[in-house]
Number of protein chains: 2
Amino acid sequence: MTDTKVRNMEEFAALSGISRPTVSKYFQDPESVRPSTRSRIEKALERYDYRPNIYAVNQNRRLTKNVGIVVPYLTDPFFAEIARKIEERFSEAGFRPTMYSPYGQPDAESEILDSLRSLKPAGVLFAPLGRASDRGALEKFCADVPTVLFDSNLEGIGEAFVGSDNFSFVSQTVEYLVRTGAPPCFFEMRTPANPNANKRRAAYLETMQEFGHEPLVLKIDGEGWAFEEIGREGARRILESGGFPRDTVLCSNDRLAIGLLSACYEKGLRVGRGEGCALRVASHDDHPFAKFTCPSLTTAAHDYDAVAIRAVSTLHELIEAGGSFARRDETLFPAKLILRSSA
Amino acid sequence: MTDTKVRNMEEFAALSGISRPTVSKYFQDPESVRPSTRSRIEKALERYDYRPNIYAVNQNRRLTKNVGIVVPYLTDPFFAEIARKIEERFSEAGFRPTMYSPYGQPDAESEILDSLRSLKPAGVLFAPLGRASDRGALEKFCADVPTVLFDSNLEGIGEAFVGSDNFSFVSQTVEYLVRTGAPPCFFEMRTPANPNANKRRAAYLETMQEFGHEPLVLKIDGEGWAFEEIGREGARRILESGGFPRDTVLCSNDRLAIGLLSACYEKGLRVGRGEGCALRVASHDDHPFAKFTCPSLTTAAHDYDAVAIRAVSTLHELIEAGGSFARRDETLFPAKLILRSSA
DNA sequence: TGAAATATTTTACGCGCGATAAGTTTTGAT
DNA sequence: ATCAAAACTTATCGCGCGTAAAATATTTCA
């Protein structure tokens with residue numbers, strides 16, 4: 001590689017012996033030029049290592065190749081993992097994905113949308129905070145930018161939704177717990193941040209009804225996104241005031257369960273399905289750490305890959321459709337029950 | 001807010017009754033225009049909600065307000081947490097931080113640097129993969145872009161380094177374990193990805209020597225970044241072939257320890273410092289999940305905040321210094337011992 | 001009140017590339 | 001060899017803004 005620094009496309013075109021418009025065409029789609037020209041450009045590319053100025057490109061293109069990925073809490077490995085899968089797929093498809101997270105703060109979410117808008121992205125995959133989101137801000141954003149919601153559905157917002165079927169999660173765990181032991185009580189936050197939590201509670205109530213068992217919901221206090229801490233404190237309080245009302249607990253999500261398990265361990269309460277176990281615990285999500293809890297956590301798993309793949313392909317379709325669908329599709333993937341040691 | 005859509009700065013300037021160059025000046029630094037002008041612009045801003053085109057701005061400015069944050073593995077809550085803190089501070093300072101992660105892959109790391117370079121960032125905070133990094137690529141990058149390394153130090157790369165003092169981590173844990181019980185063996189990967197691991201081993205050897213104890217290093221097999229899994233498998237193998245050679249184990253990092261604890265639980269081996277405990281386990285990092293392991297993990301904590309704050313301020317200084325320092329400074333923050341139940 | 005100091009306006013150019021139109025060459029099938 | 005289609009070249013414009021120089025207006029302070 002020669003060290004002649006190439007200032008712009010004009011210069012690079014001269015060096016490769018091709019006209020600038022053709023070089024421009026090449027960078028927009030290498031297949032769109034004749035093989036012989038392509039190889040000449042690529043040879044020059046090896047020698048001079050030029051890349052089009054991304055700002056000039058984006059200023060002039062009708063549509064950028066940027067896509068936004070927004071998740072509510074990026075330090076949660078669950079979201080980090082799904083964001084990663086989505087990011088990977090976009091990169092492969094030649095887009096420039098950028099990740100954003102409001103870390104639970106509604107005003108930060110609105111700010112992200114504002115700054116995202118000014119990036120003129122081709123599209124956005126958006127997992128909203130949920131209850132706390134500023135609905136008006138989201139609607140305005142979605143009116144301007146092709147947006148697909150994932151993970152957490154807000155009715156009427158975005159051109160489509162891709163996520164997991166909460167009913168499938170809960171019906172499977174409840175069915176399993178009932179079949180192999182006793183009907184569970186349901187362990188959740190009093191004021192969940194996420195609409196999925198409400199759907200899970202509803203599914204619990206419905207499924208228990210169906211099986212002819214009395215439902216019992218334990219609502220624990222706590223605000224914010226420190227779910228493990230909240231789960232642990234909630235469980236401690238229950239254990240210190242007489243213990244759980246049933247010998248089987250179904251947690252709304254794995255992060256609460258992680259906290260609960262830690263409280264049980266601390267109190268010397270043995271969790272699992274074997275001899276000498278006082279409590280069975282199951283949960284939902286298959287959080288990346290659920291394999292390493294003590295005992296390892298029986299849970300219903302998201303189909304991470306399916307959600308990521310479908311979310312990306314749906315956004316692709318949306319972009320190609322010009323930014324809007326005739327109908328707002330909702331795709332829900334079923335859960336897969338993962339049997340481990342906790343129940 | 002009126003719904004007249006403002007196309008560009010020209011139009012907005014006309015609407016606010018100020019000339020375009022002055023409006024341009026305002027957006028670069030609101031303090032640089034007369035208060036009376038400023039308030040006129042801001043009044044217009046409330047009515048018309050205009051924002052300068054980010055691509056046109058960045059194309060023409062000598063230096064963008066972009067900064068890059070690169071961490072080796074973003075789905076690791078440890079990195080996610082520190083990246084978050086850094087991101088937050090840059091946002092407050094009026095920069096546009098963007099996060100990148102190669103997820104352990106050296107070629108992805110080089111690609112990130114390439115695409116980062118084309119963003120013409122004012123500076124980059126970079127936590128390299130370590131051993132696997134393509135040193136040549138990093139050097140070339142750092143020659144063009146003001147870069148400060150953090151977390152993981154590669155000698156001679158970047159204009160400065162900010163991180164934690166590995167010796168301080170290990171000397172504190174070893175001292176504590178020796179003082180309150182017995183000298184630990186050291187549990188680590190055979191081929192650690194990160195230079196910090198080597199420094200920790202060296203610190204272990206040195207500290208044990210100093211205390212007059214025979215060091216003992218257990219090297220477990222495994223490749224990649226699935227440290228919990230690797231730690232668990234390594235511990236299983238040890239437990240199944242006679243158990244740990246000492247009753248105290250010091251893990252190189254918390255993620256390995258999480259795996260080890262899970263293996264111990266599985267095998268019915270009670271970990272902790274009380275009666276009936278067969279093993280004491282301590283570690284390093286204070287991973288966000290270390291509070292929730294069973295038992296909770298005694299560990300040496302990074303000063304996350306100090307590292308984040310110093311990394312950001314160092315990069316600020318570097319940018320203001322025009323991109324290079326006279327001397328490559330290395331800032332190391334000491335660890336803080338966190339006593340929990342595992343040792 | 002007046003002159004110097006500071007802000008603002010006017011004017012004009014450039015950044016690097018996308019897009020388009022009109023003319024020229026190359027291609028590949030007859 | 002012929003000819004139309006495909007690919008390329010040349011020329012030119014526009015995107016939205018930064019920046020600089022010169023002219024003008026406003027403020028500041030004696």
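Chain A is the first sequence line, chain B the second, and so forth, proteins listed ahead of strands; every chain is numbered from 1. The basis for the numbers below is simple: all heavy atoms, side chains too, and nothing from hydrogens, waters or symmetry mates.
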Roughly, in whole Å, what's the span from NZ in B:Lys120 to P in D:dC17? 19 Å

Compute whether any side-chain donor of one residue and acceptor of the other, for A:Gln28 and A:Ser24, lie under 3.5 angstrom apart. yes

Rounded distance [0.5 Å steps], CZ in A:Phe95 versus CZ in A:Arg89: 14.0 Å

At under 4.0 Å between heavy atoms, what does B:Tyr50 touch on the DNA or RNA strands: base, sugar-phosphate, or nothing? sugar-phosphate

Within a reach of under 6.0 Å around CZ of A:Arg7, are more than 12 heavy atoms found that belong to other residues, nucleotides or ligands? no

Does anything in residues 51-65 of chain B come within less than 4.0 Å of DNA chain D? Heavy atoms only, and list the residues if so. B:Pro52, B:Asn53, B:Ala56, B:Val57, B:Gln59, B:Asn60, B:Arg61, B:Arg62

Say you draw a straight line from OG of A:Ser16 to CD of A:Glu46; how long is it, rounded to the nearest 0.5 Å? 12.5 Å

How close or far is atom C1' of D:dC15 from atom CD of B:Glu11, stated in whole angstroms? 14 Å

When rounded to the nearest 0.5 angstrom, what distance separates CG in B:Asn53 from CG in B:Asn58? 9.0 Å

Please check if the side chain of A:Gln59 supplies one atom and the backbone of B:Tyr55 the other of a donor-acceptor pair under 3.5 Å. no

The contact string for nucleotides 3-10 of chain D, one letter per nucleotide 5' to 3', using protein heavy atoms under 4.0 Å with B, S and - for base, sugar-phosphate only and none, comes out as ----SSBB

Atom pair OG/CD1 of B:Ser101 and B:Ile112 - distance to nearest 0.5 Å: 6.0 Å

Just how far, in rounded Å, is P of C:dT11 from CD of B:Glu10? 11 Å

Donor-acceptor check, side chain of A:Arg20 to backbone of A:Ala13, threshold 3.5 angstrom: yes or no? no

Please confirm whether the shortest side-chain N or O distance from B:Gln28 to OP1 or OP2 of D:dC17 is below 4.0 Å. no

Would the distance check show the side chain of A:Arg84 and the main-chain N or O of B:Thr75 forming a donor-acceptor pair, the cut-off being under 3.5 Å? no

Interatomic distance, B:Phe90 atom CZ to B:Thr98 atom OG1 [nearest 0.5 angstrom]: 11.0 Å

How sharply is the helix from C:dT1-D:dA30 to C:dT30-D:dA1 bent, taking the axes over five pairs at either end and rounding to 10 degrees? 10°

Please say whether the positively charged group of B:Arg310, taken as NZ for Lys or CZ for Arg, lies over the ring of B:Phe333, i.e. under 6.0 angstrom from the six-membered ring centre and within 45 degrees of the axis. no

